[in-house]
Enquirer: 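Have a look at the structure that comes next, please.
Order of the sequence lines sets the chain letters (A, B, ...), proteins ahead of strands, with each chain counted from 1.
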Amino acid sequence: MSAVPLPLAEVLARGDIWRGDALPGLPENAIASGHAELDAELPGGGWPRGNLSEILVDRCGQGEMSLLLPALASLSQAGGWLALIDPPWQPHAPAWAAAGVVPERLLVIRAGRDAAWCCEQLLASGGFAGVLAWPAVGVDARALRRLQVAVEGRPTLACLWRPTAVASLPSPAPLRLVLAGEASGLTVHILKRRGRPAARPLHLSIPRPGRSSRALVGPSLSVVAARSAALAAVA
Amino acid sequence: MLWLALHFPLLPLEALPLRQSPSALVSRGRVCCVDRAAAEAGVGRGQKLSTALGLAPALAVFERDAGREAAALASLACWAGRFTPTVSLAAPDALLLEIGGCLRLFGGAEAIVAAVEAGCREQSYSLTWAAAPTPLGALWLARAGRAAVHPEVNAMQAALADLPCTLPDWPADVVERLDAFGLRRLGDLRRQPAAGLRRRIGNAPLDDLARAWGEIPHPQLAFVFPESFRLAIELPARVEHAEALAFAGQRLFSALTGWLQVRQLLVRSCVLHLTHDDRSTSELPLRFAEPAADEARFARLLREHLGRLQLRAPVEALCLQAEEVTARPGASAGLFEQAVAGEGLALCLERLQARLGAGAVRGLAGQADHRPECATGWREPDLDLPVSAASTVGLAPPRPLWLLPAPQALSEERGRPFWQGPLSLQSRAERLESGWWDEGEAGAAGDLRRDYFVARNPQGQWAWIFRDRDGWFLHGLFA
């Protein structure tokens, strides 16, 4: 044993050490969400890999998938496999392909009552880049704990979609978001994250189909990202 | 050369898996083999069946069958193929494994012996063993229960000299005469003048002695691993629950693993034939996501399949047949230690398909069809897909990520479609008119004539709706 302790600054510079007043930075474990405002608020600057994320939303069709699509597309194009466990509707292959996800590497699994077991197997296998689950039967805190243990240390983006009614229940997932739709986009309220708690909800603008945004089909970035790129170009 | 002799003292009885205890094997009305519980009740070899049943009324009795024993020994020889390719049968109840050539691979004779013992325990065979430089010496030591590794000839000879002269290979009259001479141990026998002994008890025992001592060569006939794998196992009682078959099946898969190792093959699919008590048979096909030769994996998959299997009649016998085998490619080991990240995709999918059914795990595939119902195809997950295989998409009109399984009819209020509130249209109509070619066919989407719109309801949900001659329908959701 060496008696000389490490200098404090060196310890603090390590990636897996975080201080209460700052968000921890684990760049290699996060994957950019494609929404600059969201990346700024997520620990590590993006969706965490090797951690369970819970997304609480009541209604489908408010743009909730657009939040994840850029990340999923980059994982898929890098050769990763994605799995959807019990999605509420049938995926429509042309739309996923247009968003940049390779449909051949997207698996749809009908697990029914075995959803929690199935999810755990997929996460523990380590062979998937992304696992998205819509468990119909209520997963309890113990099942969530098992899922979190299964995914720890794996290079997998794990997302669990649950109704907002469970927001008040405790959960071992390190990241929990509540989504609400609004006219211009999506309101994201970060319920729980590593580091200091989030102060206010985020308003993200989501590209919408329709008359005004014909050119914005696909994994386009949000308005702020475009603006900051423009500012960088000016400066 | 180092020979590992494996002697299975209860092989005639243990060739029957899933038998209940106490049990005994009977040949011509006399007990010839008993298990431990029966021996504790006082049942012993040579007793009459009526005596044995009197001592242990609950005794399960089976008739001895030499064919069954030979099959069990052959299956054990297949299993032993995982340790060494040089296996010989020492009928009726022993195997000889030449392990001198594979000591480094396993890390010493002790490691091999530990693996052998663990394997026998898993298959519930009782075992005595010994390792020695001559095959006969190892066999005699194993039969006498002297479990030890003697890599040197001198140590083996010292151990052999201590064995009693009552060897089961030798005729009874020879053993009696030696006893009358006052020769109790093999060491005593070795000290006598050979010529005189040969005159008195014949040549065979002294030749055996010379072979065991390593003075004359003792060639062994190698066990020939069969060209194709098909192994049957008979169950002593009818099995009515599929889960109970897992243990008997495991013996078959242990033998399969050894056979694959010797033949340098991988199995992609195999079939477990179940013979029912009414002589009918049923089949349980087992298919692996990728060619495999891993016993633990076989056992896991078998348990998953048996958990879902409904037996239509009790099962009397099992037979495992390897259907599709491929040559095993050489694998490079990593020079540096690499972290193993889980079991990987193939195994996981295999387990899911076994538990949930093959149709529950599907991959998506785009299809060139303008009708939304037909644009999504389903396919088996293809793990060999190259990374660059991305579908090419042109600039397409907006399509929703989710489709309803079937279009849902919407009501209309004051000229506007209604879905959890009045829908406001966000786009111009997109006319889809296609599909005349499969009009009227069963299961086909048929000829469509629809105007699609993007619409939004007051809750903030973006929907994909269409209007045709029957009215408004909800067909998808932009998420």
Side-chain angles (χ1 to χ4, degrees), chain A residues 58-66 69 76-79 81 83 87-112 114 117-118 121-128 153-155 180-183 186 208-214 217-218, chain B residues 339-349 351-352 355-356 359-367 372 375-379 381-383 385-393 395-405 420 426-428 454 456-457 459-464 476-479:
Chain A
D58 272 335
R59 286 200 179 79
C60 250
Q62 299 177 328
E64 70 280 354
M65 288 304 298
S66 313
L69 266 183
S76 183
Q77 279 168 6
W81 284 77
W89 318 95
Q90 287 179 359
H92 186 42
W96 289 87
V101 175
V102 182
E104 286 80 9
R105 277 197 289 274
L106 180 71
L107 297 183
V108 180
I109 297 166
R110 297 282 165 202
D114 288 330
W117 172 84
C118 180
Q121 297 290 326
L122 290 176
L123 294 178
S125 80
F128 284 86
R154 311 267 184 225
E182 58 178 52
L186 205 56
R208 282 313 194 171
R211 220 171 281 146
S212 54
S213 57
R214 287 294 292 237
V217 175
Chain B
V340 180
E343 55 183 1
L345 198 65
L347 264 73
C348 179
L349 289 184
R351 187 127 31 91
L352 292 186
R355 165 86 72 105
L356 306 171
V361 181
R362 292 182 300 177
L364 228 57
Q367 282 179 354
T376 305
W378 299 100
R379 51 186 269 165
D382 175 15
L383 301 186
L385 196 74
V387 171
S388 59
S391 314
T392 50
V393 201
L395 186 62
R399 287 283 177 265
L401 284 175
W402 303 121
L403 275 194
L404 270 64
Q420 298 177 1
Q426 305 287 321
S427 70
R428 291 174 201 283
V454 177
R456 199 173 142 256
N457 73 359
Q459 278 83 17
Q461 289 171 288
W462 291 69
W464 203 41
L477 282 174
F478 294 92

Enquirer: If you count heavy-atom pairs under 4.5 Å with chain A, which of B:G476, B:P400, B:G377 comes out on top?
Expert: B:P400

Enquirer: Considering the options B:L477, B:N457, B:V454, which one meets the side chain to side chain contact (heavy atoms under 4.5 Å, CB included) requirement together with B:W462?
Expert: B:V454

Enquirer: Determine the option with the most heavy-atom pairs under 4.5 angstrom with chain B, choosing from A:R110, A:Q62, A:Q90, A:E64.
Expert: A:Q90

Enquirer: Side chain, backbone, both or neither: which part of A:W96 has an atom under 4.5 Å from a heavy atom of chain B?
Expert: both

Enquirer: State which residues pass side-chain contact (heavy atoms from CB on, under 4.5 Å) with A:D114; sequence neighbours excluded, sorted by chain then number.
Expert: A:W117, B:R355, B:L356

Enquirer: Can you give me the closest heavy-atom contact between B:G366 and A:P103, atom names plus distance?
Expert: N-CB, 4.4 Å

Enquirer: So A:V101 and B:L364, do their side chains get closer than 4.5 Å, heavy atoms only?
Expert: no

Enquirer: Give a yes or no on whether the backbone of B:A365 and the side-chain of B:T376 come within a donor-acceptor separation of less than 3.5 Å.
Expert: no

Enquirer: Which region of B:A375, side chain (C-beta onward) or backbone (N, CA, C, O), has a non-hydrogen atom less than 4.5 Å from a non-hydrogen atom of chain A, or is it both or neither?
Expert: both

Enquirer: So what's closer than 4.5 Å to chain A heavy atoms on B:Q367: side chain, backbone, both or neither?
Expert: neither

Enquirer: Taking B:P381, B:A479, B:A463 one by one, which has the highest count of heavy-atom pairs under 4.5 Å against chain A?
Expert: B:A479

Enquirer: Tell me, out of A:C60, A:P91, A:G63, who's got the most heavy-atom pairs with chain B below 4.5 Å.
Expert: A:P91

Enquirer: So do the side chains of A:F128 and B:L345 get within less than 4.5 Å of each other, counting heavy atoms only?
Expert: yes

